[in-house]
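Index from 1, following the sequence. Basis for what follows: all heavy atoms, side chains included, without hydrogens, waters or symmetry-related copies. Atoms within each ligand, like the ligands themselves, are counted from 1 in listed order.
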Amino acid sequence: MTILLTGGAGFIGANFIYFELKNHPEDRIVCLDALTYAGNLTTLAEALKNPNFAFYKVNICDRPAVYEIFEKEQPDAVVNFAAESHVDRSIETPEIFLQTNILGTQVMMDACRRYGTKRYHQVSTDEVYGDLPLDRPELFFTEETPIHTSSPYSASKASADLLVGAYCRTFGLPATISRCSNNYGPYHFPEKLIPLMIANALNDKPLPVYGKGENVRDWLYVEDHCRAIDLILRKGTVGEVYNVGGHNEMRNIDIVKLICRKLGKPESLITFVADRKGHDMRYAIDPSKIHRELGWLPETKFADGLDRTIDWYLTHRDWWETILSGEYRNYYEKMYGNRETLG
Ligand code: NAD
Ligand code: DAU
């Protein structure tokens, strides 16, 4: 079959491309990506050598261009990864989040309707459920947890999810949605917690922890997420939402200390800085539905996944140093340059 995916030059999309080319060499993979600041074509250098892979530089909001690719490629399935994905940026510039994450999703679904695509999968996030309190560890997000968003990013992703549900019911679009917790692994853009801390620690720069560092995230190795999406696409039930997560909750401060230990760097690099506005306290996924219905379980333990990730950043310095030396420098200065330091 031909799988068309969007956002494949970004972190999870790229990992998904390599997962599919390895595990389903019989399939054709078509990637459509606007190559925003977060997209990186060098990430796809190996994939581009594969005759079963094609790349188009296209914005998912550009309806005529998207339709042209559907006309040519006639995909059997579509996976929509493309998004503005960073919460901090959504607080600075919400509009682009609404455009790409909501209107771009609409264009992709309209294309599926027009060309009779047999399956549409929306890559969503656990952030659509809002957050959980730190003092109620027995609470988890299930697929029935009400949507309750905190940031422009999560509101845009939740809006897209509602639109997918509406297209499914009103137009019979054969769609599924996955809502995953925080991913980590190779090709993770260095604006996000784990790669930012690895890169700064390697450069002996301050490690900016928001607030007290007590916020909890539920970390999943990116390959486990890719396997979940692949299973949903091939065996999931149309109209269903699947939560994806590995029961691996960690406080931010503990992750940063662990990275210091693994890299042999002093904890004195840790700097507590002004908190993110509207900062969600805790995310925790209940993945029992995808386990029960599709047999999915995470395969990578956090300690192994973090070792692999650190090794990858150590052996791919060119990849992230090129990012750090480009336009990203201005972003870093703007976000962290004048940020208040907490005592
Ligand atoms: P990313 O920011 O690393 O990559 C996003 C990719 O989308 C980039 O290649 C970018 O060029 C492309 N893109 C952005 N706007 C586009 C547009 N208008 N048209 C075409 N391409 C465009 O993001 P990621 O972390 O890989 O996340 C991928 C998806 O997974 C997103 O939908 C995100 O909401 C979701 N998600 C991410 C996580 C996580 O921990 N990173 C967890 C759960 C869900
Ligand atoms: O839960 C899934 C979501 O995970 C995805 O939908 C998002 O696309 C993805 O970016 C991620 O969102 P978070 O906001 O949880 O990830 P981030 O890496 O930005 O931050 C993780 C935690 O670390 C969060 O509590 C904020 C904190 N943090 C982050 C940065 C960048 C810091 O303390 N310091 C930092 O410099």
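Closest protein heavy atom to atom 24 (C) of ligand 2: His279 NE2, 3.4 Å. Protein heavy atom closest to atom 34 (N) of ligand 2, with residue, atom name and distance, is Pro208 O, 2.8 Å. Nearest protein heavy-atom contact of atom 27 (C) of ligand 2 is Asn252 ND2, 3.4 Å. In terms of protein heavy atoms, atom 33 (O) of ligand 2 is closest to Tyr210 N, 2.8 Å. For atom 31 (C) of ligand 2, the nearest protein heavy atom (residue, atom name, distance) is Glu191 O, 3.2 Å. Annotation: atom 36 (O) of ligand 2 to nearest protein heavy atom, Tyr336 OH, 2.7 Å.
One option in Met281, His86, Arg179, Arg276 has a heavy atom closer to atom 14 (O) of ligand 2 than any other, and that option is Arg276. When the options Asp218, Leu193, Ile285, Leu220 are ranked by their closest heavy atom to atom 21 (C) of ligand 2, first place goes to Leu193. In the candidate list Val256, Asp126, Val273, Asp126 is nearest to atom 1 (O) of ligand 2, counting heavy atoms.
Ion pair Glu20/Arg234 flagged as a salt bridge, since at least one NZ, NE, NH1 or NH2 atom sits closer than 4.0 Å to an Asp/Glu carboxylate oxygen. Salt bridge absent: Lys301 and Asp304 never bring a charged side-chain N and a carboxylate O closer than 4.0 Å. Using a 4.0 Å cut-off between a side-chain N of Lys or Arg and a carboxylate O of Asp or Glu, Asp254 and Lys257 do not qualify as a salt bridge.
Between Glu84 and Tyr153, the side chains place no donor N or O within less than 3.5 Å of an acceptor N or O (distance only, hydrogens not considered). Judged by distance alone, the side chains of Ser181 and Asp126 never bring a donor and an acceptor atom under 3.5 Å apart.
Geometrically, Lys289 engages Tyr242 in a cation-pi contact defined by less than 6.0 Å to the ring centre and at most 45° from the axis. Because its NZ or CZ atom is not both nearer than 6.0 Å to the ring centre of Tyr336 and within 45° of the ring axis, Lys205 does not count as a cation-pi partner of that residue. Tyr37 carries Arg89 over the face of its six-membered ring, with the cationic atom under 6.0 Å from the centre and within 45° of the normal.
The shortest N or O to N or O distance between Glu127 and ligand 2 is below 3.5 Å. At a 3.5 angstrom cut-off on N or O pairs, Asp280 does not count as close to ligand 2. Considering both main-chain and side-chain atoms, Ser85 comes within under 3.5 Å of ligand 2 through a nitrogen or oxygen pair. Looking at Trp219 next to ligand 2, no N or O pair under 3.5 Å apart turns up. The shortest N or O to N or O distance between Asn215 and ligand 2 is not below 3.5 Å. Residue-to-ligand polar distances keep Leu196 apart from ligand 2: every N/O pair is separated by 3.5 Å or more. At least one N or O atom of Tyr153, backbone or side chain, sits closer than 3.5 Å to an N or O atom of ligand 2. For ligand 2, none of its N or O atoms has an N or O atom of Val209 under 3.5 Å away.
Between His316 and Tyr187, the ring center distance fails the sub-6.0 Å criterion. A ring-centre distance under 6.0 Å is not found for Tyr67 and Phe70.
Residue Tyr283 approaches ligand 2 through these ligand atoms, each under 4.0 Å from one of its heavy atoms: 1 (O), 15 (O). Heavy-atom proximity to Lys192, at under 4.0 Å, picks out these atoms of ligand 2: 10 (O), 18 (O). Counting atoms of ligand 2 from 1 in the listed order, those under 4.0 Å from a heavy atom of Thr125 are 1 (O), 2 (C), 3 (C), 5 (C), 6 (O).
The two atoms that bring Pro137 and Arg282 nearest to each other are O-NH2, 3.3 Å, heavy atoms only.
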Derivation of the ring pair (Phe, Tyr, Trp, His ring centres under 6.0 Å) call for Tyr313 and His188: CA-CA 9 Å; Tyr313 281 86; His188 204 179; 7.9 Å; no
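The one candidate from Leu233, Asp76, Val30 that meets the side chain to side chain contact (heavy atoms under 4.5 Å, CB included) condition with Ile3 is Leu233. Results of the side chain to side chain contact (heavy atoms under 4.5 Å, CB included) test with Cys31 over Phe53, Phe81, Tyr56 single out Phe53 as the only residue that passes.
Taking a heavy-atom cut-off of under 4.0 Å, ligand 1 is surrounded by Gly7, Ala9, Gly10, Phe11, Ile12, Asp33, Ala34, Leu35, Thr36, Ala38, Gly39, Val58, Asn59, Ile60, Phe81, Ala82, Ala83, Ser85, Thr100, Val123, Ser124, Thr125, Tyr153, Lys157, Cys180, Ser181, Asn182, Asn183.
Not a single heavy atom of Met335 sits less than 4.0 Å from an atom of ligand 2.
Heavy atoms of Lys157 found under 4.0 angstrom from ligand 2: none, in either backbone or side chain. Under 4.0 Å from ligand 2, heavy atoms of Asn182 appear from its side chain as well as its backbone.
Within the model, atoms CD1 of Ile285 and CZ of Phe141 stand 7.0 Å from one another, a figure rounded to the nearest 0.5 Å.
Under a cut-off of 6.0 angstrom, the local environment of CD in Gln74 is crowded, with over 12 non-hydrogen atoms contributed by other residues, nucleotides or ligands.
The stretch residues 4-14 participates, sequence neighbours left out, in no salt bridge (Lys or Arg N to Asp or Glu O under 4.0 Å) pair at all.
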